[in-house]
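All remarks here apply to the structure that follows.
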Amino acid sequence: MIRRRRFLTLSAGASAALWAHGCGDTPFTPAPPDASPTPLPGGPSAPPVFVPKVNEPINIHPVRRLGSDPRQGGNDLVIVPELVALQMRAVYEMGFDGIRLTAPLGNRGDVMAAVAYTRAARALGIDAVVVLATFAGLTPAQALWSDTMRPQFLALFNRLFARPPEPAAPGAGGLGPRGVGRIAFQVLNEPSLFFGIPPDVYVQEFLVPTFVELKTLNSQIIVVSAAEVGSSSGPLRIRAMLEAGLEGACDRVAYHIYVPEALERLPPHVRQTVWVTESGTSSTSGHLAWVRDMHPRIKARLEDATRVFYYVLYDSDPGRFRLIDIEPAGGSYRAVVESTELHAYYMQRVRDRAAGRPLIPFDTLIPDITRYFATPDDVAAYDAFELP
Amino acid sequence: VILPSLGFLLAQALVPQYPVGGPEPPDFLAAGDPFKLVDLRYHMSDTGRATHELLARFKIRDSAYLGASFEGERGRLTLQTQRLHVELGETNGVYDLLATWRAPRFIASVDVERLRERQGRKGWYLSPWVGVRVAESLELQASGTMDSRYEAGDAFRSATVGFDWHRGASAGAFGEYTHARAETLAGFENTVRSGSLAVVAQIGPTELSGDGRVDDVDGRFPRREAQAALGARVSLTSRLVAFGAARQHFERDLTAHEYSGGVTWFGRRFRLPRARTSAQHAAALARRATRMGYNEWPVFDDDELRSQRERLSLSRERAALVEDMAALYREQVEARELPLFGAAYVDAADSLSGAKSQTLRVLVGVPWPITWPWRATEASVPFLRLDLARERVVPAGEFAAVSYSLGATLSLNREMDLVARWSRREPTPLDLIRRVGVRHTAEVTFVYAFGR
């Protein structure tokens with residue numbers, strides 16, 4: 001979506017997270033969950049556990065600062081730790097089982113921010129889908145197309161994102177090594193819209209060679225195909241991708257769904273697991289109904305769909321897709337819930353699952369978010385990569 | 001005495017004069033001795049690296065036309081007699097063959113091509129075609145395609161039946177139904193049943209054309225696709241023609257379109273091809289040739305008429321047809337087009353690729369003898385034509401690629417053209433991804449076509 005491009009240019013600086021509810025017209029009335037999760041055994045006297053990952057994954061923007069800093073260019077390394085912690089706290093406390101974020105090759109600062117988010121998420125047992133794409137320009141596509149650059153690019157991202165971090169604590173509950181979250185690479189995003197790549201060309205010239213390269217490099221990486229736009233023209237392109245060999249060139253087929261017509265026109269069954277990597281509606285008042293009603297409809301119609309990623313935790317457009325806003329608060333920052341009903345819905349599901357059992361606070365698990373930041377060696381590895 | 005002199009002067013004033021050579025009709029029956037050059041074409045295109053194409057065709061005595069062409073790594077030999085047409089091609093050691101036999105009541109052809117390996121099997125593509133003339137104005141057609149790389153049961157890939165019908169020069173229709181099996185890149189097969197119909201009709205000063213096609217695709221992702229197109233050309237005045245066309249592709253909703261329209265102003269009287277006297281005579285010539293057993297279909301454009309003349313000039317009854325051919329040729333010369341100004345606009349979009357484009361084309365013509373456009377006379381002939389085009393393509397998001405082209409065609413006479421063309425094409429995002437930048441292309445073409 002175009003507005004996601006604007007987002008990064010507007011993104012801004014930050015500090016610690018405090019939950020607050022927005023003052024919109026919508027009253028704070030928690031909606032009943034559609035299917036209450038099975039409660040955890042134990043009770044209030046049992047030892048504290050991780051927040052149960054009871055909600056489906058969410059898209060996040062790897063925000064690293066709010067507002068521009070005249071001392072720094074666009075390729076700087078300013079990453080405000082409090083902002084990373086604020087978003088990761090929200091992801092953890094709201095019980096999401098995965099995040100999806102873009103690591104835009106060509107923008108060093110944003111790639112390094114994505115590293116911090118990804119490592120922190122995985123340490124909490126949360127899966128991470130890293131999108132090999134960009135919000136502006138063609139750099140990732142150029143690197144993926146080139147037979148000489150592709151291996152270097154993927155090796156760099158394997159180093160930055162795919163190495164499993166230490167779990168934040170035992171019992172993180174992820175499906176990766178030692179309970180950390182798994183890693184997935186999504187090969188470009190909406191290639192027709194953002195890069196002008198026709199569906200068959202995408203499969204044959206980008207996805208197939210990338211899939212082969214990644215499987216050789218690190219079989220732990222889940223390779224997710226690019227989704228196409230979530231409007232009515234997306235399914236046509238998805239079908240063209242499928243007819244060009246999409247299913248044999250990835251581990252997960254991805255769709256985006258922003259309108260019911262797109263759902264109706266997508267093939268109900270394919271020979272691969274499906275992840276809907278973006279789904280949402282552009283009005284805050286419709287968020288809860290979309291997640292509570294539409295997400296089950298998506299899974300009912302698409303029999304191979306196992307995950308639906310909500311779009312989005314935070315972006316710079318008020319009153320549209322985002323769940324929260326981020327506001328300056330003194331010398332710090334706080335999260336302000338904007339989509340109050342959906343937030344309450346997610347939190348209620350967490351509470352239902354926890355069934356009174358004490359939950360380990362985020363700050364206990366991650367007292368210092370900077371331990372997940374890219375190291376000087378990571379930065380050096382990035383700098384050694386010759387951009388196209 | 002005075003009246004015949006005036007008549008002579010008037011006739012002389014209307015005789016077309018070209019910069020090179022005279023207006024005499026060619027001798028269509030002249031035999032090669034033993035060879036006579038009838039086609040010579042050279043084309044050079046340079047976009048960073050030059051490619052050359054050379055074609056030459058000769059008439060061999062009065063029995064056949066033999067041609068050879070070379071374009072890059074492809075070579076081709078052609079042989080044409082009245083009944084037989086053979087093309088043998090070779091590209092990097094891979095051969096293909098097209099052979100056509102024209103019998104009094106039917107035409108049969110076969111296209112054979114060596115195919116690259118598929119799942120470890122090399123093979124051949126074979127496509128037979130037959131058209132049976134069941135009536136003077138109706139031909140029934142059948143064809144099929146085979147691919148020997150598939151197992152025996154799957155080797156037959158498509159079958160088509162169709163018809164071609166005409167009503168003199170005023171109307172024509174073509175339709176066909178195809179049942180085909182098409183393999184996708186992913187390796188699964190679709191069964192495609194297609195029906196199409198195309199019609200063209202001259203109604204007063206208007207030429208209407210339309211075509212439609214429905215594809216019923218059965219397979220993993222069944223769907224029904226439809227295409228429809230409608231076009232019209234209207235003579236607004238004796239020298240001004242307006243044209244417009246719309247082509248649309250549907251699958252549930254509209255998924256692609258191309259809309260175009262424009263005007264052309266001519267330096268001399270212009271009539272649409274099917275409304276010309278020559279069209280009536282072309283239909284009559286084809287009818288007469290068919291009655292003699294030569295199985296010719298009425299054709300109306302200069303290149304098709306030339307090919308037909310070549311075939312008939314090799315026929316046993318050519319002496320009986322030569323006057324009709326010469327008369328028709330003179331009418332073609334008389335009806336020559338002299339466009340002096342034209343403008344056209346095309347708007348296209350395709351939701352599959354997401355691309356949109358707008359194209360503006362302008363042409364400017366200079367007549368011979370050189371004069372101001374508004375002073376061209378009925379004796380003027382085309383001499384210089386400039387074609388300019390600007391195309392803006394938006395293939396994705398906010399990217400836009402603009403292309404310009406400029407072409408100049410110098411007509412030395414009716415048979416000889418010298419063409420120079422230059423274009424500048426900005427890269428699309430996909431070009432940039434593939435490390436392709438702005439492309440400048442220069443082209444030069446020389447064409448000699450005897451008896452055009």
Side-chain angles (χ1 to χ4, degrees), chain A residues 1-2 4-6 135-146 148-149 188 190-206 208 228-229 231-249 261 264-272 388, chain B residues 118-119 181-192 215 217-227 248-257 349-357 392-403 425-437:
Chain A
M1 301 179 77
I2 295 296
R4 275 178 274 153
R5 290 184 177 174
R6 290 204 306 270
F135 302 108
L138 303 168
T139 306
Q142 288 172 323
L144 289 173
W145 184 81
S146 161
T148 53
M149 300 189 70
L188 298 180
E190 300 178 357
S192 290
L193 175 67
F194 284 107
F195 303 101
I197 301 172
D200 55 338
V201 174
Y202 167 73
V203 173
Q204 296 294 318
E205 297 185 22
F206 293 84
V208 168
E228 263 302 339
V229 291
S231 59
S232 57
S233 55
L236 285 177
R237 298 175 192 163
I238 290 289
R239 186 182 68 207
M241 286 183 186
L242 290 164
E243 291 194 332
L246 178 71
E247 294 149 307
E261 294 76 28
E264 299 307 315
R265 294 181 186 193
L266 284 165
H269 170 59
V270 294
R271 296 167 185 165
Q272 193 55 274
Chain B
R118 175 189 173 273
Q119 295 178 0
R181 284 188 287 181
E183 187 180 85
T184 68
L185 279 170
F188 52 86
E189 286 214 333
N190 288 331
T191 300
V192 185
D215 292 315
V217 182
D218 197 9
R220 279 194 62 198
F221 306 110
R223 72 249 188 199
R224 178 167 292 165
E225 299 177 32
Q227 287 187 52
Q248 300 192 311
H249 183 275
F250 299 90
E251 187 187 334
R252 286 195 187 182
D253 303 324
L254 179 63
T255 59
H257 77 257
D350 184 345
S351 62
L352 178 62
S353 65
K356 297 175 182 173
S357 68
R392 182 175 187 272
V393 181
V394 182
E398 299 152 8
F399 286 96
V402 178
S403 302
R425 182 171 290 275
E426 287 182 351
T428 63
L430 186 56
D431 290 330
L432 291 170
I433 289 167
R434 290 169 168 164
R435 319 298 285 169
V436 176

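Below, chain A is the first sequence line, B the second, and so on; all start at residue 1.
Listed here is the closest heavy atom pair of Ser192(A) and Ser353(B): CB-O, 4.0 Å. Of all the heavy atoms in Arg237(A) and Gly354(B), the pair that sits closest is NH2-CA, 3.3 Å. In plain terms, the two heavy atoms of Phe399(B) and Phe194(A) that are nearest each other are CE1-O, 3.9 Å.
With a 4.5 Å cut-off on non-hydrogen atoms, Glu189(B) does not touch chain A at all. Neither the backbone nor the side chain of Thr428(B) has a heavy atom closer than 4.5 Å to any heavy atom of chain A. Heavy atoms closer than 4.5 Å to chain B are found in the side chain of Glu247(A), but not in its backbone. Leu242(A) touches chain B through backbone and side chain together, each having a heavy atom under 4.5 Å away. Of the atoms belonging to Pro191(A), not a single heavy atom falls under 4.5 Å from chain B.
Comparing Ser232(A), Gly248(A), Gly245(A), Ala249(A) by how many heavy-atom pairs each has under 4.5 Å with chain B, the most go to Gly245(A). Of the listed residues Glu205(A), Glu228(A), Arg271(A), the one with more heavy-atom pairs under 4.5 angstrom with chain B than any other is Arg271(A).
Side-chain contact between Ser146(A) and Arg434(B) is absent, with no heavy atoms from C-beta onward closer than 4.5 Å. Put simply, the side chain of Arg239(A) reaches to within 4.5 Å of the side chain of Glu251(B), judged on heavy atoms. Side-chain contact between Arg252(B) and Arg265(A): present, with at least one pair of heavy atoms (C-beta onward) separated by less than 4.5 Å. Between Leu430(B) and Trp145(A), the closest side-chain pair of non-hydrogen atoms is not below 4.5 Å.
Taking CG of Leu246(A) as the reference point, atom CG of Leu185(B) lies at 12.0 Å (rounded to 0.5 Å). How far CG of Leu138(A) is from CG of Leu432(B): 6.0 Å, rounded to the nearest 0.5 Å.
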Could you pull out every donor-acceptor pair under 3.5 Å between side chains of residues 195-204 of chain A and any protein atom, sequence neighbours left out?
residue, atom, partner, partner atom, Å
Tyr202(A), OH, Val187(A), O, 2.6
Tyr202(A), OH, Ala226(A), N, 2.8
Gln204(A), NE2, Ala244(A), O, 2.7

- Give the C-alpha distance, both sets of side-chain angles, the deciding distance and a yes or no for side-chain contact (heavy atoms from CB on, under 4.5 Å) between Leu236(A) and Ser351(B). CA-CA 8 Å; Leu236(A) 285 177; Ser351(B) 62; 3.8 Å; yes
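Open room surrounds CZ on Arg392(B); 12 or fewer heavy atoms of other groups in view lie less than 6.0 Å from it.
Checked by atom type and distance alone, the side chain of Glu243(A) never pairs as donor or acceptor with a backbone atom of Ala186(B) at under 3.5 Å.
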